[in-house]
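Worksheet for the structure shown next.
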Amino acid sequence: MFKKEVYIKRREKLKKSVGSGLILLLGNDESPMNYADNPFHFHQDSSFRYFFGMNFPSLAGIMDCDTGEDIIFGDDLTVEDFVWMGPQPTIRERAAAFGIQKAQPLKALVELLRKENTGDRTIHFLPPYRPENKIKLFEWLGILPAESQAESSTALVLAVIRQRNYKTPEEVEEIRKVTDISVDMHRTAMRMAAPGVTEAQIAAAVNHAAEAVGARISFPIIATVNGQTLHNHYHGNTLKSGQLFLLDAGAELESGYAADLSSTVPVDPRFTPLQRDVYDITLESHNTAISMLKPGIAFREVYLESARVIARGLKDMGLMKGDVDNAVASGAHALFFPCGLGHMMGMDVHDMEDLGETYVGWDGQERPTQFGIKSLRLGRKLEPGFVLTIEPGIYFIPELIDQWQQTGNNKEFINFDRVNRFRNFGGIRNEEDFLITDTGYELLGKPKPKTIEEVEAEHSKELPL
Ligand code: GLY
Ligand code: MN
């Protein structure tokens with residue numbers, strides 16, 4: 001991956017930042033689908049990979065803040081393993097590529113931790129999200145799984161975020177590359193969408209577009225005619241004339257860096273006039289948000305402005321009413337835009353979500369609790385080096401419409417009679433990925449078809465790209 005000096009420097013900075021004690025980073029294990037020899041595809045823990053580089057299962061790393069020593073722990077494979085997996089380097093050889101001189105078997109880690117656990121040095125670890133790592137913390141340190149989040153080290157969480165939130169030029173280059181691949185995944189889907197084609201066929205082609213160039217998907221593909229369901233992973237429908245098709249998909253490189261894009265395309269060759277009206281509101285909201293990106297602006301303000309654009313557009317269409325600022329302050333826009341505007345992105349598609357959005361995206365500030373803005377994963381002031389997504393959308397969710405209508409929620413701002421005519425409309429979202437620079441922003445990767453004209457033009461082209 002990167003030169004070993006990169007990893008050495010990252011570890012030095014982390015040890016200095018945490019100050020004292022031992023830092024324990026747990027790598028991930030293979031995760032069985034139905035039995036041990038049939039695992040899901042392996043995904044390394046991103047913080048472990050960021051600091052130790054190694055993309056193999058069943059490793060743990062120690063950084064000693066007091067002595068400066070780094071040690072990798074893991075058990076070497078045997079010739080019997082090679083029969084099934086082919087020859088493998090030793091852990092010592094793998095570790096050397098990332099500037100780690102010392103490698104020991106896992107039982108040495110258990111001995112070390114049991115000894116240190118009775119002393120007065122702090123053992124810092126991150127909040128575990130995999131059950132097997134919670135079990136390790138129980139066996140090695142006596143921490144009950146239910147308490148492992150609370151017992152994790154806030155000092156370490158903050159120190160990791162202080163490094164991983166700021167992408168270096170070599171990381172940004174990886175993200176540019178993976179976004180380029182993701183744009184091609186989206187162009188493929190746009191060209192395929194047509195009456196009679198299935199969601200599964202498009203999802204398969206999108207997956208192929210990633211895998212054929214040595215990448216893979218960074219999260220389960222959303223390829224759906226029911227874009228109003230935000231995380232919809234069902235691919236069982238056949239596209240029909242009159243519908244919209246929404247794709248939310250991104251690639252992940254061998255290096256671990258991820259992209260995340262969304263597009264919406266009509267199933268027919270052209271958007272209907274009504275689809276155009278709603279699409280253009282989402283696009284104006286999207287472009288307004290982008291134009292505000294610069295260091296120092298709070299992303300929460302960007303979100304609120306993007307919400308005001310949506311509320312204004314829907315008011316012009318007769319779906320909302322009343323004062324736009326008051327409507328957004330009261331959360332009325334969330335009937336149509338019930339999620340956030342974007343999130344940090346890096347080695348994790350929602351970068352470091354395992355460390356807690358309150359620290360990653362909100363810099364420790366108390367998060368809003370109002371429906372809609374409470375799902376905003378990022379609210380803090382932006383800084384150069386942040387990489388984030390912009391993804392406003394408009395969704396017509398029949399169950400939510402019914403609930404709000406029955407309870408009278410925000411009825412002074414919603415024209416329910418008119419909204420009910422959109423019950424089968426679906427959802428529209430565009431999503432792109434940005435770097436915050438010293439003076440503003442940079443779109444990462446090549447531009448994706450985004451305006452109505454660009455989407456219809458891409459849609460009309462033949463495959464292959
Ligand atoms: N791409 C899915 C999400 O951002 O939640
Ligand atoms: Mn996203």
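First listed ligand is number 1; within each ligand, the first listed atom is number 1.
Ranking protein heavy atoms by distance to atom 1 (N) of ligand 1, first place goes to D260 OD1, 2.9 Å. Nearest non-hydrogen protein atom to atom 5 (O) of ligand 1 is H231 NE2, 2.7 Å.
Taking the ring centroids of F396 and F336, they lie under the 6.0 Å cut-off. Ring-centre distance between Y395 and F337: not below the 6.0 Å cut-off. In this structure, the ring of F51 has its center no less than 6.0 angstrom from the ring center of Y7. The distance between the ring centers of Y441 and F434 falls below 6.0 angstrom.
Each of the atoms 3 (C), 4 (O), 5 (O) of ligand 1 lies under 4.0 Å from some heavy atom of H350. Residue-ligand proximity, E391 to ligand 1, at heavy-atom distances under 4.0 Å covers atoms 4 (O).
A donor atom on one side chain and an acceptor atom on the other are found under 3.5 Å apart for Y129 and N28.
Looking at D248 next to ligand 1, an N or O pair under 3.5 Å apart turns up. Looking at ligand 1, you won't find any N or O of R377 less than 3.5 Å from one of its N or O atoms.
The cationic atom of R300 (NZ for Lys, CZ for Arg) does not lie both less than 6.0 Å from the six-membered ring centre of Y303 and within 45° of the ring axis.
At least one donor-acceptor pair closer than 3.5 Å links the side chain of H459 to the backbone N or O of D268. Looking only at distances, a side-chain donor or acceptor of Q44 sits under 3.5 Å from a matching main-chain atom of M54. Of the possible polar contacts, one joining the D351 side chain to the M347 backbone as a donor-acceptor pair under 3.5 Å is found.
Protein N/O/S atoms found under 2.8 Å from the Mn ion (ligand 2): D260 OD2, H343 NE2, E391 OE2, E431 OE2.
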